[in-house]
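Heavy-atom basis, side chains included; hydrogens, waters and symmetry copies ignored.
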2 protein chains.
Amino acid sequence: MFKLSKKVEYGILSLQYMANQNGNIITAKEISEHLNISFEFLSKTLQSLIKQGLIESIQGVHGGYKLAKPADKITFSDVIRALENRSSIVECLTEDIENCGRISCCTIKTPMTQIQDKINNIFDITTIAEIAIY
Amino acid sequence: MFKLSKKVEYGILSLQYMANQNGNIITAKEISEHLNISFEFLSKTLQSLIKQGLIESIQGVHGGYKLAKPADKITFSDVIRALENRSSIVECLTEDIENCGRISCCTIKTPMTQIQDKINNIFDITTIAEIAIY
DNA sequence: ATAAAATACGATAACAATAGTCGGATTTAT
DNA sequence: ATAAATCCGACTATTGTTATCGTATTTTAT
């Protein structure tokens, strides 16, 4: 599977929604209703975005969330990093594998690294600002 | 997760190995030993590659496998198509979804399609021939 | 003070996809 | 006939995702 997780999908939609709020605070409930997704699941998603420093939260009765920085400074890579245990297209690129059983004969590491770089680049250069205008 | 499945990884390695055999037939056992992967699992992988027309098999005592076409005509996309239930980065791009609950407000379809196209292109232009030289 | 409205967060269940195994059937050269 | 190989469906195990639940904490209005 080569699919973004629901968390990433919801994260992007939420960030986009916040980007269109002109800096106003917005509640998880409002986002969850607008996007028609589970409030609890969304909340966890938003909390992960906080940890990554992409959004800020205000607790209490008039609390909620807002972007922590300009939308053009938030890349898809940031969102993915916040919300997925993102691994590389093949394990050996990122994880320190003592022995994949093929070390002596593995010949795809270089081309796979090149592919990985291209994919990373796609998500690096795409920002929330770009999709907020839609 | 944005990871190629083991089947695709093994498929690519197997195809690369076959590409370096100068058209000679090679057995699943030999590949599985060379790559140090389960014979049974590899066999299923190879059978899927046959179905997709990427390799040919010869049954019987001196049987085995070989490429069905030149290595530069076999793309990573071909391999992925043969070995994974490949879906798009977000469901709504490929599957006919009557109601994702966000149709009326979804605004990421266009940018997601563009990203999908770029990713597809990466795998479309990478061939077994390119990695066989390594 | 107290209640209400909001976020924070760990535990866990449900589900889906991948990864791997098993057993038996078929094909073919010798 | 036998051995060496592919073929293939059924099954199990593992892993990752998706979702829910319960409870705690923070802040504001009254």
*Any side-chain N or O of A:Tyr10 under 4.0 Å from OP1/OP2 of D:dT17?*
no
Practice item. Give a yes-or-no answer on whether the side chains of A:Ser77 and A:Asp124 include a donor-acceptor pair shorter than 3.5 Å. Key: yes
Of B:Thr27 and A:Val8, the one whose nearest nucleotide on DNA chain D sits closer to the 5' end is B:Thr27
Chain B vs DNA chain C, heavy-atom contacts under 4.0 Å, first-to-last nucleotide span, 5' to 3', is C:dA19 to C:dT30
B:Glu130 side chain vs B:Thr127 backbone, donor-acceptor pair below 3.5 Å: yes
Residues of residues 41-51 of chain A with a heavy atom under 4.0 Å from any atom of DNA chain D, listed by number, are A:Phe41, A:Lys44
Here the distance between atom C1' of D:dT17 and atom CD1 of A:Ile37, to the nearest Å, is 15 Å
Between NZ of B:Lys29 and C1' of D:dA4 the distance, given in whole Å, is 10 Å
DNA chain C nearest-nucleotide lookup for A:His62 and A:Lys3: closer to the 5′ end is A:His62
Would you please indicate if the ring centroids of B:Tyr17 and B:Tyr65 are separated by under 6.0 Å? no
>> Do B:Ile26 and B:Met18 have side chains that approach each other closer than 4.5 Å (heavy atoms only, starting at C-beta)?
In response: yes
B:Ile26 atom CD1 is separated from D:dA5 atom P, nearest whole Å, by 12 Å
Any heavy-atom pair between the side chains of A:Glu33 and A:Lys29 that's under 4.5 Å? yes
Using 30° and 60° as the class boundaries, would you call the ring planes of B:Phe76 and B:Phe123 parallel, tilted or perpendicular?
parallel
_Are the side chains of A:Ile125 and A:Thr75 in contact, using a 4.5 Å heavy-atom criterion?_
no
**Item:** Hydrophobic cluster identity match, A:Ile74 and B:Ile108, side-chain contacts under 4.5 Å
**Value:** yes
Phosphate OP1/OP2 of D:dG16 contacted by A:Ser5 side-chain N/O (<4.0 Å): no
- prompt: At under 4.0 Å between heavy atoms, what does B:Phe39 touch on the DNA or RNA strands: base, sugar-phosphate, or nothing?
  reply: base
- Verify whether one side chain among A:Gln16 and A:Asn20 offers a donor that lies under 3.5 Å from an acceptor in the other. no
To the nearest angstrom, the NZ-P distance between B:Lys6 and D:dT14 comes to 17 Å
Contact check, residues 53-60 of chain A vs DNA chain D, heavy-atom distance under 4.0 Å, returns A:Gln59, A:Gly60
Between A:Phe2 and A:Ile89, is any pair of side-chain heavy atoms under 4.5 Å apart? yes
Note: for A:Tyr65 and B:Glu40 on DNA chain C, the residue whose nearest nucleotide lies more 5' is A:Tyr65
For this session: Tell me whether B:Ile50 is reachable from B:Ile58 by hopping between hydrophobic residues (I, L, V, M, F, W, Y) whose side-chain heavy atoms are closer than 4.5 Å.
Result: no
